[in-house]
Amino acid sequence: MSIALFTLGGTIAMAGAGAGGVVTRLTGADLTAAVPGLADIPLDVRDVEAVPSAALAYRQILDLVDAAAAAVDGGATGAVVTQGTDTLEETAWLADLVWPHAAPLVFTGAMRNPTLAGPDGPANLLAAARVAAAPAARDLGVLAVLNDEIHAARFVRKTHSTSTGAFASPNAGPLGQVIEGRVRVLARPPRRVPLPAVDRDRLAATRVALHTVTLDDDVALLDALAAGVDGLVVAGFGVGHVPPSFAPALGALAGRMPVVLTSRTGAGSVLRDTYGAVGSERDLRRRGLVDGGLLDPYKAKVLLRLLLATRADAAAITEAFALHGC
């Protein structure tokens with residue numbers, strides 16, 4: 001049994017507090033040496049790139065998934081990725097959409113850097129390694145493990161900017177917990193079939209915009225935002241509503257590119273057939289918008305960009321959102 005550990009920097013690997021602030025300095029060897037109990041789990045440590053998670057790109061994550069998959073093919077029981085938490089909910093979801101193995105791929109990080117009292121990184125890394133090594137975690141897809149909670153990548157959200165309990169799954173709750181070192185899986189959502197192989201060059205050229213609707217919003221912003229993009233995600237009010245002036249503009253855009261309707265609330269699904277006013281979810285579906293279901297705007301954006309990079313047509317995009325957004 002061995003676990004492949006890939007380090008990408010972030011708060012978990014920061015040091016050097018002072019007037020200049022903390023920066024990423026700790027290697028994978030530094031991280032593992034600071035964790036009591038981790039020596040019991042054989043690790044193959046691979047330092048990938050020490051950058052803030054805000055600097056990560058799709059290609060880097062897809063390359064990392066390839067490396068993790070190769071490690072599993074080579075005999076690793078599972079894999080762990082450490083990174084900054086700012087984009088973890090998106091990178092884990094991106095990985096989940098293409099992860100081909102039953103073996104766990106676990107993302108983790110930290111909210112408190114090692115220069116502070118009570119840093120959470122060591123405990124999170126230990127829990128993540130235990131989950132990656134656990135038979136119970138197989139066939140769950142990509143996971144996020146923080147604060148001794150096990151979350152599915154498809155559900156997890158960062159819900160607080162500083163709390164060590166920042167990560168939650170508002171629509172489903174955690175899949176399990178790590179208690180006294182034991183991995184306890186309490187729920188097993190069905191796995192989705194991975195998306196087809198992504199053309200990395202096409203992905204780099206694919207642009208998807210996101211617009212969050214706000215009170216008394218300016219519809220003219222849509223034209224500027226949609227210029228030169230291949231798809232659009234709209235984060236609407238509540239169950240999927242927009243100002244009436246937005247409805248015809250979004251309908252026109254949906255005639256030339258995929259436009260996905262999501263909710264800006266952070267939890268819950270957009271509806272399909274409850275409200276009928278101009279700008280309601282029913283009206284927008286009639287105008288050609290794709291129902292994003294339970295997917296939040298950020299996850300919808302990741303899925304849409306990958307689908308466009310695989311040359312999915314309108315029917316395939318609608319079908320994919322019906323599958324992943326349920």
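Both backbone and side-chain heavy atoms feed into the values below; hydrogens, waters and symmetry mates do not. Being a predicted model, the structure only gives us computed values, none of them experimental.
- At distances below 3.5 Å, at least one donor-acceptor pair connects side-chain atoms of Arg112 with backbone N or O atoms of Ala117.
- Clustering ILVMFWY residues whenever any of their side-chain heavy atoms sit less than 4.5 angstrom apart, transitively, puts Phe6 in the very cluster that holds Val65.
- Criterion: ILVMFWY side-chain heavy atoms under 4.5 Å apart, direct or through other members. Under it, Leu295 and Met257 are not part of a common hydrophobic cluster.
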Give the table of side-chain donor-acceptor pairs shorter than 3.5 Å for residues 217-228, with sequence neighbours excluded, one pair per line with atom names and distance.
unit_1 : atom_1 : unit_2 : atom_2 : d
Asp217 : OD2    : His211 : NE2    : 2.8
Asp217 : OD2    : Thr214 : N      : 3.1
Asp218 : OD1    : Ala220 : N      : 2.9

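- Atoms CG and CZ, on Leu303 and Arg154 in that order, are 11.5 Å from each other to the nearest 0.5 Å.
- Judged purely by distance below 3.5 Å, without hydrogens or angles, the side chains of His101 and Asp73 pair a donor atom with an acceptor atom.
- The nearest pair of heavy atoms linking Phe167 to Glu149 is O-OE1, 3.8 Å.
- At least one donor-acceptor pair under 3.5 Å links the side chain of Asn113 to the backbone N or O of Thr115.
- Across all their heavy atoms, Pro104 and Thr77 have their closest contact at CD-O, 3.7 Å.
- Side-chain atoms of Leu203 and Arg59, non-hydrogen and from C-beta on, never get closer than 4.5 Å to each other.
- Going from atom OG of Ser163 over to atom CG of Asp120 covers 9.0 Å, rounded to the nearest 0.5 Å.
- Checked for salt-bridge contact, Lys299 and Asp96 miss the test: no charged N lies under 4.0 Å from a carboxylate O.
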Residues 78-86 side chain polar contacts: donor-acceptor under 3.5 Å, at least two apart:
unit_1 : atom_1 : unit_2 : atom_2 : d
Gln83  : OE1    : Thr91  : OG1    : 2.7
Gln83  : NE2    : Thr87  : OG1    : 3.4
Gln83  : NE2    : Thr91  : OG1    : 3.4
Thr85  : OG1    : Lys158 : NZ     : 2.9
Asp86  : OD1    : Lys158 : NZ     : 3.1

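- In this structure, a donor-acceptor pair under 3.5 Å is present between the side chains of Thr7 and Asp47.
- Residues Asp273 and Arg285 are paired through a salt bridge, judged by an N-O separation under 4.0 Å between the basic side chain and the carboxylate.
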Verdict with reasoning, Arg188 to Asp139, per salt bridge (charged side-chain N to carboxylate O under 4.0 Å, His left out): CA-CA 9 Å; Arg188 304 191 70 88; Asp139 292 308; 5.1 Å; no

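- Nearest heavy-atom pair across Leu261 and Gly240 is CD2-O, 3.5 Å.
- Between Ala127 and Asp148, the shortest heavy-atom distance links the atoms CB-OD1, 3.7 Å.
- Within the 3.5 Å criterion, the main-chain N or O of Gly268 finds a donor-acceptor partner in the side chain of Asn171.
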Arg157/His151 under side-chain contact (heavy atoms from CB on, under 4.5 Å): CA gap, chis, key distance, verdict: CA-CA 9 Å; Arg157 296 290 309 274; His151 296 271; over 6 Å; no

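- Under the 4.5 Å side-chain heavy-atom criterion for Ile, Leu, Val, Met, Phe, Trp and Tyr, Ile317 and Val198 are members of the same hydrophobic cluster.
- Under a 4.5 Å side-chain heavy-atom criterion applied to ILVMFWY residues, the cluster that includes Tyr275 comprises Val239, Leu271 as well.
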